[in-house]
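Basis for what follows: all heavy atoms, side chains included, without hydrogens, waters or symmetry-related copies. Within every chain, numbering begins at 1; the chains are lettered A, B, ... in the order of the sequence lines, protein sequences first and strands thereafter.
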Amino acid sequence: MHLTEISASDFDLEKTLDSGQVFHWEKMDDGFCGTIGQRGVYVEQRGDELRVTRGYGELAAHYFALDHPLANICRSFPRDPAMEAARKFCRGLRIIRQPKWECLATFICSSMKQVTHIRQISRKLRERFGDARKIGHHELFAFPSGQRLAACSEKELRQCALGYRAKTLLATARLITSGPVDLERMSALSDVDLREMLCELPGVGAKIANCVMLFAYERLHAFPIDVWIERVLREKYFPSARKLNAARLRTFTQEYFGEHGGYAQQYLFHYARRGASKSNNRSKIKNRIRMGARR
DNA sequence: CTCCAGGGATGAT
DNA sequence: ATCATCCATGGA
């Protein structure tokens with residue numbers, strides 16, 4: 001396979017692909033294969049260099065946001081123990097520039113799902129409705145267009161293990177392909193208007209809207225709050241708060257984590273999932289419950 | 001504000 | 001082989 005080398009300092013490919021932003025990259029040889037838009041791409045990291053499928057250097061550099069000023073972004077994080085630990089652990093993790101429809105559709109599928117399951121849904125949608133691409137002898141599939149999914153029946157989508165998400169994914173696919181909503185044009189909207197419009201789409205609430213803003217619209221201030229992040233916030237930032245509703249958390253995160261709050265969120269998220277020791281929250285919580293139950 | 005359906009993989013027993 | 005657990009949205 002012929003590869004192009006591009007310079008990629010301050011970048012960690014594996015962490016970036018494993019941090020819950022994208023769900024379709026697979027390990028292959030010494031790197032990963034996946035799609036960037038409609039292109040099938042192989043990429044591997046060698047220190048400060050990336051080797052990517054010949055001809056796709058610029059495509060990859062843009063996708064992996066190698067131009068984000070990561071040192072400056074990390075400097076803008078607040079100085080507190082949790083953030084420092086996450087920053088150290090996630091060195092080189094970048095927020096990818098994803099295609100808008102692919103990102104929106106994938107995150108609609110993600111609701112109430114764990115990462116491994118989201119990966120399977122993404123794979124099934126691609127295999128059944130996406131266009132095939134070859135990397136060497138390995139076949140993979142691009143994410144299907146909105147038009148393609150809009151033409152599906154709800155039943156067909158359900159067969160991709162989508163459950164009740166089939167209905168909202170289908171409804172949103174039809175909205176974005178039949179006129180009323182133009183994902184590309186929405187780039188021009190302010191954060192507030194963009195979030196509001198995304199939340200109008202079936203299957204999109206505050207959390208998924210923020211994910212799409214962060215991963216597909218480059219709104220680096222957007223701060224998605226899922227259960228992992230909420231756990232971190234409660235434990236590290238509000239250890240003894242009694243009433244802590246969504247509005248209070250939202251206000252806090254928007255102000256405290258600064259102009260690149262989305263990056264801070266991604267670092268805290270990845271550190272919580274991958275960095276904390278293996279005997280982490282789950283067993284601790286279970287022990288606590290067990291101890292409590294004895295009294 | 002609270003409660004709860006929803007689907008399928010995964011981990012515990 | 002069962003049983004509990006993980007999870008965001010939307011509607012009651």
Specify the separation, in whole Å, of atom [atom1] of [X] and atom [atom2] of [N].
| X | N | atom1 | atom2 | result |
| --- | --- | --- | --- | --- |
| A:I208 | C:dG10 | CD1 | P | 8 Å |
| A:L198 | C:dT9 | CG | P | 12 Å |
| A:L157 | B:dG7 | CG | P | 15 Å |
| A:Y164 | B:dG8 | OH | P | 11 Å |
| A:K167 | C:dG11 | NZ | P | 10 Å |
| A:D226 | C:dC6 | CG | C1' | 12 Å |
| A:I118 | C:dC6 | CD1 | P | 16 Å |
| A:Q114 | B:dG7 | CD | P | 16 Å |

Should A:Q120 be listed as having a side-chain N or O under 4.0 Å from OP1 or OP2 of B:dT10? yes
Phosphate contact (B:dG7 OP1 or OP2) by A:R165 side-chain N/O below 4.0 Å: no
What class does the angle between the rings of A:F252 and A:Y237 fall in, given that below 30° is parallel, 30 to 60° is tilted and above 60° is perpendicular? tilted
Mind checking whether [X] and [Y] have side chains closer than 4.5 Å, heavy atoms only?
| X | Y | value |
| --- | --- | --- |
| A:Y267 | A:F89 | no |
| A:V43 | A:Y63 | no |
| A:L149 | A:L170 | no |

Nearest heavy atom decides the nucleotide; on that basis, is A:V227 or A:L201 closer to the 5' end of DNA chain C? A:V227
Does atom CE (A:M186) have a neighbourhood of more than 12 heavy atoms from anything else shown, all under 6.0 Å? yes
Looking across every strand, which nucleic acid part, if any, lies under 4.0 Å from A:I108 by heavy atom: base, sugar-phosphate, or nothing? nothing
Residue A:K113, side-chain atoms from C-beta onward, closest of C:dT9, B:dA9, B:dG8: B:dG8
Please tell me which of the listed nucleotides, B:dG7, B:dT10, C:dT9, lies nearest to the side chain of A:T116? B:dT10
Pairing partner of B:dT2 (Watson-Crick or G-U wobble, both distances under 3.5 Å): C:dA12
Identity of whatever pairs with C:dC3 - Watson-Crick or G-U, under 3.5 angstrom: B:dG11
